[in-house]
Number of protein chains: 2
Amino acid sequence: MLTVGEFSRICQVSIKTLHYYDRIGLLVPIKVDPSSGYRYYGQQQVERMLLIGRLKRYGFSLEDIRVLLDCKEEGVLRGRLCQQREKLKFKQREMELVISELSAHLQNFERTGDIMGYQKEYDIDVTNTPDMVVIASRQMMGVKEFGNYYSGLYERMAREHLTPDGLRGAVYYDQEFNHECSDIELIVGVRETEKADKTMKGRLCAKTIHKGPYSSLSDAYGALVAWIENHGYAWDGAPYELYVKTQFDSLAPEDWETEVYFPVRKK
Amino acid sequence: MLTVGEFSRICQVSIKTLHYYDRIGLLVPIKVDPSSGYRYYGQQQVERMLLIGRLKRYGFSLEDIRVLLDCKEEGVLRGRLCQQREKLKFKQREMELVISELSAHLQNFERTGDIMGYQKEYDIDVTNTPDMVVIASRQMMGVKEFGNYYSGLYERMAREHLTPDGLRGAVYYDQEFNHECSDIELIVGVRETEKADKTMKGRLCAKTIHKGPYSSLSDAYGALVAWIENHGYAWDGAPYELYVKTQFDSLAPEDWETEVYFPVRKK
DNA sequence: CATTGACTCTCCCCTTAGGTCATGCTGTAT
DNA sequence: ATACAGCATGACCTAAGGGGAGAGTCAATG
């Protein structure tokens with residue numbers, strides 16, 4: 001039997017951490033002296049503690065770890081580990097992207113001496129957009145669930161024998177932008193007018209093209225809004241994006257292209 | 001002038017976030033109606049908000065960002081960006097390591113069906129260690145500051161014309177392990193007995209070799225402690241590590257080797 | 001003018017994974 | 001018996017907001 005101090009030295013974790021793990025039920029001492037409250041740990045708990053440390057490095061939350069360790073099915077365990085590996089790989093790719101973004105920013109900064117320089121390079125103009133015949137799916141959804149809902153639309157297209165015309169986009173109806181859950185309508189352009197959900201009437205829009213990953217899309221929004229204000233227009237309806245070049249064209253995120261439209265009227 | 005709602009839609013951040021940024025002084029509306037408390041933002045603040053979002057992606061804390069944006073010197077700004085890029089690259093390398101560790105773990109798990117299998121592969125035995133003639137530097141230090149203190153020792157070796165014998169290690173005196181700040185003594189073996197700080201007398205130790213990055217070193221500690229208990233020995237003194245193969249031998253972290261020693265006596 | 005509905009305000013509590021005192025009790029060695 | 005190391009609990013703190021309650025405000029409509 002080991003006291004907290006001994007146990008903490010062996011496992012290389014702080015006593016506070018052990019107190020905490022006891023409190024949340026992740027690692028409960030085998031014995032607690034009822035009169036003094038002293039905690040005593042057993043040999044075999046060293047193993048558990050080390051495993052906890054490992055899983056923590058793998059990026060699991062303590063809650064996840066508790067569930068994992070209490071779960072006896074080997075398959076589930078293996079599944080969760082695999083899944084976590086994929087998550088880490090994904091995060092790594094994301095980080096790669098951020099680094100390249102930062103590098104580009106730095107270059108731009110050194111060239112122009114303006115820390116916001118990159119943002120002024122949007123070409124913006126006002127056009128009358130053509131009508132778009134689309135099927136649509138409007139829902140409260142998070143930005144990350146786009147994939148799920150899009151696949152729903154494509155499934156439906158297959159079922160109803162619709163022909164895509166290459167148009168893909170999203171309309172943002174929401175008043176306030178919320179990363180996790182917003183009122184968003186995904187649209188896919190189709191040929192069959194009669195079977196489509198609706199025709200989005202052409203209208204006057206301020207438009208620009210955003211090149212690069214979606215993480216910096218809001219730069220385009222900012223540029224557009226500034227332009228609209230400065231050129232005597234007023235914002236008039238839900239903005240939308242069309243995804244012109246994306247990962248589905250097997251392009252790297254730096255080469256993606258997104259058109260951003262803001263419906264406007266002359267002030 | 002824009003209301004919070006409008007501003008939040010344009011910049012794609014939540015109203016809550018804007019409230020928060022106002023509160024911490026990171027982005028203060030150009031006007032606040034004194035009677036109603038309503039916030040009004042200006043055009044030019046869109047730019048600032050977007051830049052904040054960017055810097056946040058780059059991994060800066062909001063406090064950092066506030067300082068950065070208020071700092072007018074271009075050089076400082078560029079320096080911080082460069083520095084942050086290096087930090088991100090470092091984190092990326094670390095993540096790479098974790099992924100490879102997880103992959104190895106998974107393989108081991110699938111082979112043995114034992115989630116702790118990897119941990120049982122330490123070869124442990126008891127040896128009488130030889131005397132070690134060392135110069136030493138004992139301090140409260142964090143694990144990450146090893147580099148600083150080691151370089152101090154090497155500097156001193158150069159100054160006093162000491163000859164290293166290839167031994168490098170650290171003794172852990174502390175009762176409780178604390179990542180940030182522990183009582184650790186760094187030691188470097190030298191040839192000149194008379195000029196050395198001390199001779200660490202050889203004595204009975206349980207020993208094992210840990211292969212791989214330092215993040216999983218505590219596995220070795222755990223294995224040793226379990227072994228000591230199970231084989232009728234008692235722990236008797238401050239444990240220490242010797243770094244046998246490290247990054248200074250230009251090896252990848254997977255190939256590093258560390259010897260871990262626990263002084264023991266027969267029970 | 002009054003009402004409605006959308007918008008906004010502040011205030012308070014909650015999250016993760018513990019860290020940092022402060023104060024008081026316990027165990028053991030001398 | 002006493003000193004001192006070790007241990008306990010509890011309160012408060014972190015970063016970056018999210019969620020909700022309850023109340024006030026703005027603009028358009030009847």
Side-chain angles (χ1 to χ4, degrees), chain A residues 1-29 31-41 49 52-53 55-67 140 142 173-183 234 238, chain B residues 1-29 31-41 49 52-53 55-67 140 142 173-183:
Chain A
M1 291 226 297
L2 306 156
T3 64
V4 263
E6 288 163 345
F7 194 75
S8 105
R9 260 168 293 169
I10 293 166
C11 300
Q12 318 240 40
V13 294
S14 74
I15 292 182
K16 266 298 168 188
T17 302
L18 293 174
H19 284 176
Y20 183 59
Y21 288 1
D22 183 8
R23 195 153 63 75
I24 66 173
L26 178 57
L27 183 70
V28 181
K31 188 193 145 195
V32 179
D33 187 315
S35 74
S36 71
Y38 276 32
R39 295 171 175 82
Y40 297 96
Y41 293 84
M49 182 62 236
I52 291 172
L55 295 177
K56 209 149 61 79
R57 271 209 306 291
Y58 297 164
F60 290 105
S61 74
L62 297 185
E63 178 57 25
D64 286 345
I65 294 174
R66 201 157 54 84
V67 173
M140 298 304 287
Y173 287 103
D174 224 349
Q175 302 303 350
E176 169 193 354
F177 181 79
N178 181 325
H179 235 38
E180 303 308 319
C181 184
S182 265
D183 183 2
Chain B
M1 292 229 294
L2 305 157
T3 65
V4 264
E6 288 163 347
F7 194 74
S8 105
R9 259 166 294 170
I10 293 167
C11 300
Q12 318 243 39
V13 293
S14 72
I15 291 181
K16 273 289 177 188
T17 301
L18 292 174
H19 284 175
Y20 183 60
Y21 288 0
D22 183 9
R23 195 152 63 77
I24 66 173
L26 178 58
L27 184 71
V28 181
K31 189 192 144 194
V32 178
D33 187 315
S35 73
S36 70
Y38 276 34
R39 296 170 175 80
Y40 297 95
Y41 292 84
M49 183 61 236
I52 291 172
L55 295 176
K56 207 148 62 80
R57 271 207 309 288
Y58 296 164
F60 290 104
S61 72
L62 296 185
E63 179 58 25
D64 286 346
I65 294 173
R66 201 157 53 84
V67 173
M140 299 303 289
Y173 288 102
D174 223 349
Q175 302 304 350
E176 170 193 353
F177 180 81
N178 182 324
H179 235 38
E180 303 307 318
C181 184
S182 265
D183 183 1

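Please read all numbers here as calculations on a predicted model, not as lab measurements. Residue numbering restarts at 1 for every chain, and letters A, B, ... go by the order of the sequence lines.
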Under-4.0 Å side-chain N/O to phosphate OP1/OP2 contact, [X] with [N]:
X      : N       : answer
T17(B) : dA16(D) : no
S14(A) : dG19(C) : yes
S36(B) : dT8(C)  : no

Length of the [atom1]-[atom2] vector between [X] and [N], whole Å:
X      : N       : atom1 : atom2 : value
Y41(B) : dT8(C)  : OH    : C1'   : 12 Å
L18(A) : dG19(C) : CG    : P     : 10 Å
I52(B) : dA15(D) : CD1   : C1'   : 16 Å
H19(A) : dC21(C) : NE2   : C1'   : 15 Å
K56(A) : dA17(C) : NZ    : C1'   : 7 Å
I15(B) : dC9(C)  : CD1   : P     : 7 Å
R66(B) : dA15(D) : CZ    : C1'   : 14 Å
E6(A)  : dC7(D)  : CD    : C1'   : 12 Å

For S35(A) and for R39(B), locate the closest nucleotide of DNA chain C by heavy-atom distance; then report the residue assigned to the nucleotide nearer the 5' terminus.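 Looking at DNA chain C, the more 5' nearest nucleotide goes with R39(B).
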Using a distance-only criterion (donor-acceptor N/O pair, under 3.5 Å, no hydrogens), is the base of dC7(C) paired with the side chain of Y38(B)?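 Side chain to base: pair found, below 3.5 Å.
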So, under a plain 3.5 Å distance rule, would you say the side chain of K16(A) forms a donor-acceptor pair with the base of dG10(D)?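 Flag set: donor-acceptor pair detected.
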Please tell me if the side chains of F7(A) and L27(A) come closer than 4.5 Å, counting only heavy atoms from C-beta onward.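 Yes - at least one pair of side-chain heavy atoms lies under 4.5 Å apart.
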Given side chains that start at C-beta, do those of L55(B) and I52(B) come closer than 4.5 Å, heavy atoms only?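 No; the side chains remain at least 4.5 Å from each other.
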With distance as the sole test, does R23(A) use its side chain to make a donor-acceptor pair with the main-chain N or O of H19(A) at under 3.5 Å?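 No, R23(A) side chain to H19(A) backbone: no donor-acceptor pair under 3.5 Å.
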Look only at the side chain of R66(B) and the backbone of L62(B), and say whether a donor-acceptor pair between them is shorter than 3.5 Å.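 Judged by distance alone, no pair lies under 3.5 Å.
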What contact category does Y40(B) fall into here, base, sugar-phosphate, or nothing, at under 4.0 angstrom with non-hydrogen atoms?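 No contact at all - Y40(B) keeps every heavy atom at 4.0 Å or more from the nucleic acid.
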What's the separation between atom OG1 in T3(A) and atom CG in D33(A), rounded to the nearest 0.5 Å?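 So the OG1 of T3(A) and the CG of D33(A) are separated by 13.0 Å.
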Could you work out which one of dG18(C), dC9(C), dA16(D) sits closest to the side chain of Y20(B)?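 The nucleotide sitting nearest to the side chain is dA16(D).
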Between D33(B) and F60(B), just flag the one whose closest nucleotide in DNA chain D comes earlier from the 5' side.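 The residue whose closest nucleotide sits nearer the 5' end is F60(B).
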